[in-house]
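Scroll down for the structure; my scribbles are underneath it.
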Amino acid sequence: MNVRRSAAVLAATVAIGTATPAVAAAPSPSPSLPSGLYGSSDPTYDGVWRQSLTLIALYRVHAEPAAAAVDWLAGQQCESGAFPAFRANPAKACDAKLMVDTNSTAAAAQALSAVGGHGTAVTKAVTWLKSVQNKDGGWGYTPGGASDANSTSVVIGALMTQHTPVSTIRNGAKSPYDALLKLSLPCADGGAFAYQPDKKGKLTANADATAAAVVGALGQSMVSVKAGDKKNAACTDAARPTPGDAAANGSAYLAKAVAKDGHLTSALPGSENQPDYGNTADAVVALAARGGTAAATGPLRWLERNSAKWAEQNGPAAYAQLILAAEAGGADPSDFGGTDLVKQLTATGPAPVTASQDDSDTSVWWMVGAGLAAGAGVGFLLSSRNKRKQP
């Protein structure tokens, strides 16, 4: 996700004539960063995105983040409800020069919904997203930009925070699912999703877009994604495909893509092909969401063996991606190939209020709950694992 995020920012800013450097692979300490922000690299192009993924990952492992971390994210929102990639001075009102985008807004909406207590901010964000929905039912990275599979999928996750069927969110006759179906390829071309059509309208299979779109087409989000129970069968062309059909075909494409080496491959211009850790983590989530944990075993085990150095170099968003992959794939984030992903993630920012605990752990809250239960004559005990806030 963070790799996709950097590419999307670069593409959007180049399109409006602004040169944008790529996000640094290795973060460098900066004393000027806000105290509530996770990570030490320049947040200009990914601050809201990486903060959102971090809060979502902590939610998934039952860790309540520090108030400063949540406040920082909430403070990035503009009056319109939209979020930019980063706002250096939240006290200054957003203006036309500040570029807001659908990805930052949708990710922040999901994160603030997960931590709770920010219902108004979440509703404002979703309302803004609805206001910039394209006529084909989807979203581009920037408002009014051509719809793409990644942006449409992350927005679907935000729409789910309102407990309204995604299929009913329409611009005219088209829903977000219509936009994704328009970007799905037939089985002769692998059954994948394309990111966007090219200038001639041709669709090209894109593993990153496919991983995002499988989750979106299944009507799931980063906050609530869970293992499915359907086999990742071979690609099948239907006369009138449903979003579920497209998700199944995309999942079959991903399964084939990771079958040989256990990972997806990134082909950067001018360099040799190399493992794509971030997109492999996204593929794990997509495969598990469609076919259950068994479908994601191969790439998940590969990540356990090989991703530690990559995550250390890339910071909080990378750790968050791995946590989401571990959660979806049935692995233990606290012992992921010998690495405690939660500990590593929390070390990049303000310490969370509570850490993930086993049900057998004794805590102050357990003792208080037990005492109240005994006093009231009610035979139940409170577990610190059930203290996480609901969206």
Side-chain angles (χ1 to χ4, degrees), residues 1 4 102-103 106-107 110 129 133-134 136-141 146-162 164-171 173-187 189-197 203-258 264 279 281-292 295-296 324-325 328:
M1 293 178 182
R4 172 176 77 229
T102 61
N103 287 224
Q110 293 183 60
L129 288 167
Q133 185 179 21
N134 290 332
D136 63 5
W139 286 264
Y141 179 77
S147 297
D148 67 76
N150 301 75
S151 298
T152 300
S153 298
V154 74
V155 172
I156 286 174
L159 296 176
M160 292 175 62
T161 66
Q162 304 301 289
T164 301
V166 172
S167 60
T168 66
I169 309 300
R170 296 173 176 266
N171 185 340
K174 301 297 184 180
S175 78
Y177 294 136
D178 291 313
L180 289 182
L181 285 171
K182 188 177 179 181
L183 293 169
S184 62
L185 280 78
C187 294
D189 296 317
F193 286 83
Y195 174 72
Q196 282 178 332
L203 299 179
T204 301
N206 183 296
D208 177 27
T210 301
V214 167
V215 176
L218 290 172
Q220 298 203 42
S221 71
M222 290 186 285
V223 174
S224 62
V225 66
K226 56 185 178 181
D229 57 4
K230 297 181 179 180
K231 292 182 179 180
N232 288 296
C235 186
T236 304
D237 287 323
R240 300 183 65 180
T242 65
D245 293 332
N249 290 347
S251 181
Y253 171 86
L254 292 173
K256 184 177 181 180
V258 300
L264 295 176
N279 289 339
D282 290 349
V284 167
V285 175
L287 289 168
R290 174 60 171 71
L324 295 178

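Rounded to the nearest 0.5 angstrom, Leu264 CG and Leu254 CG are separated by 6.5 Å. How far OH of Tyr141 is from OG1 of Thr102: 7.5 Å, rounded to the nearest 0.5 Å. With values rounded to the nearest 0.5 angstrom, Lys182 atom NZ is found 7.5 Å from Ser147 atom OG. The CG atom of Asp282 lies 9.5 Å from the CE atom of Met222; values are rounded to the nearest 0.5 Å. Distance check, rounded to the nearest 0.5 Å: OG of Ser175 to CD1 of Ile156 gives 8.0 Å.
Judged purely by distance below 3.5 Å, without hydrogens or angles, the side chains of Asn150 and Ser153 never pair a donor atom with an acceptor atom.
Evaluation of the side chain to side chain donor-acceptor pair (under 3.5 Å) rule for Asn171 yields no partner, not counting sequence neighbours. Here Asp178 pairs with Arg170 under the salt bridge (Lys or Arg N to Asp or Glu O under 4.0 Å) rule; sequence neighbours left out. In terms of the side chain to side chain donor-acceptor pair (under 3.5 Å) criterion, residue partners of Ser221 (sequence neighbours excluded) are, by chain and number, Ser224. Shown here are the side chain to side chain contact (heavy atoms under 4.5 Å, CB included) partners of Ala192, two or more places apart in sequence or in another chain: Ala205, Thr210, Tyr253. Shown here are the side chain to side chain contact (heavy atoms under 4.5 Å, CB included) partners of Ala149, two or more places apart in sequence or in another chain: Leu180, Leu183, Ala209, Ala213. Applying the side chain to side chain contact (heavy atoms under 4.5 Å, CB included) criterion to Gln162, with sequence neighbours excluded, gives Val122, Thr123, Val126, Thr164.
Proximity of Cys187 to Asn249: side-chain heavy atoms (C-beta onward) are separated by under 4.5 Å at one or more points. Counting heavy atoms from C-beta outward, Asn206 and Gln196 have side chains that stay 4.5 Å or more apart. Side-chain atoms of Tyr195 and Asp208, non-hydrogen and from C-beta on, never get closer than 4.5 Å to each other.
The closest donor-acceptor contact from the side chain of Ser251 to the backbone of Ala248 lies at 3.5 Å or more, if one exists at all. A donor-acceptor pair under 3.5 Å is formed between the side chain of Thr152 and the backbone N or O of Trp139. Not a single donor-acceptor pair under 3.5 Å links the side chain of Gln110 to the backbone N or O of Thr161.
Closest heavy-atom contact between Tyr177 and Gly216: CE2-O, 3.4 Å. Residues Ala325 and Val284 come closest through the heavy atom pair O-CG1, 3.6 Å. Here the shortest heavy-atom pairing between Ser184 and Phe193 reads CB-CE2, 3.8 Å. Asn103 and Ser151 get closest at one heavy-atom pair: ND2-OG, 2.9 Å. Looking at every heavy atom in both residues, Gly292 comes nearest to Ala227 through CA-CB, 4.0 Å. In plain terms, the two heavy atoms of Ala238 and Pro241 that are nearest each other are O-CD, 3.4 Å.
For the side chain to side chain contact (heavy atoms under 4.5 Å, CB included) with Pro176, the lone residue among Asn134, Val155, Leu159, Asp136 that qualifies is Leu159. Evaluated for a side chain to side chain contact (heavy atoms under 4.5 Å, CB included) with Pro197, the options Thr204, Leu203, Asp148 yield exactly one hit, Leu203.
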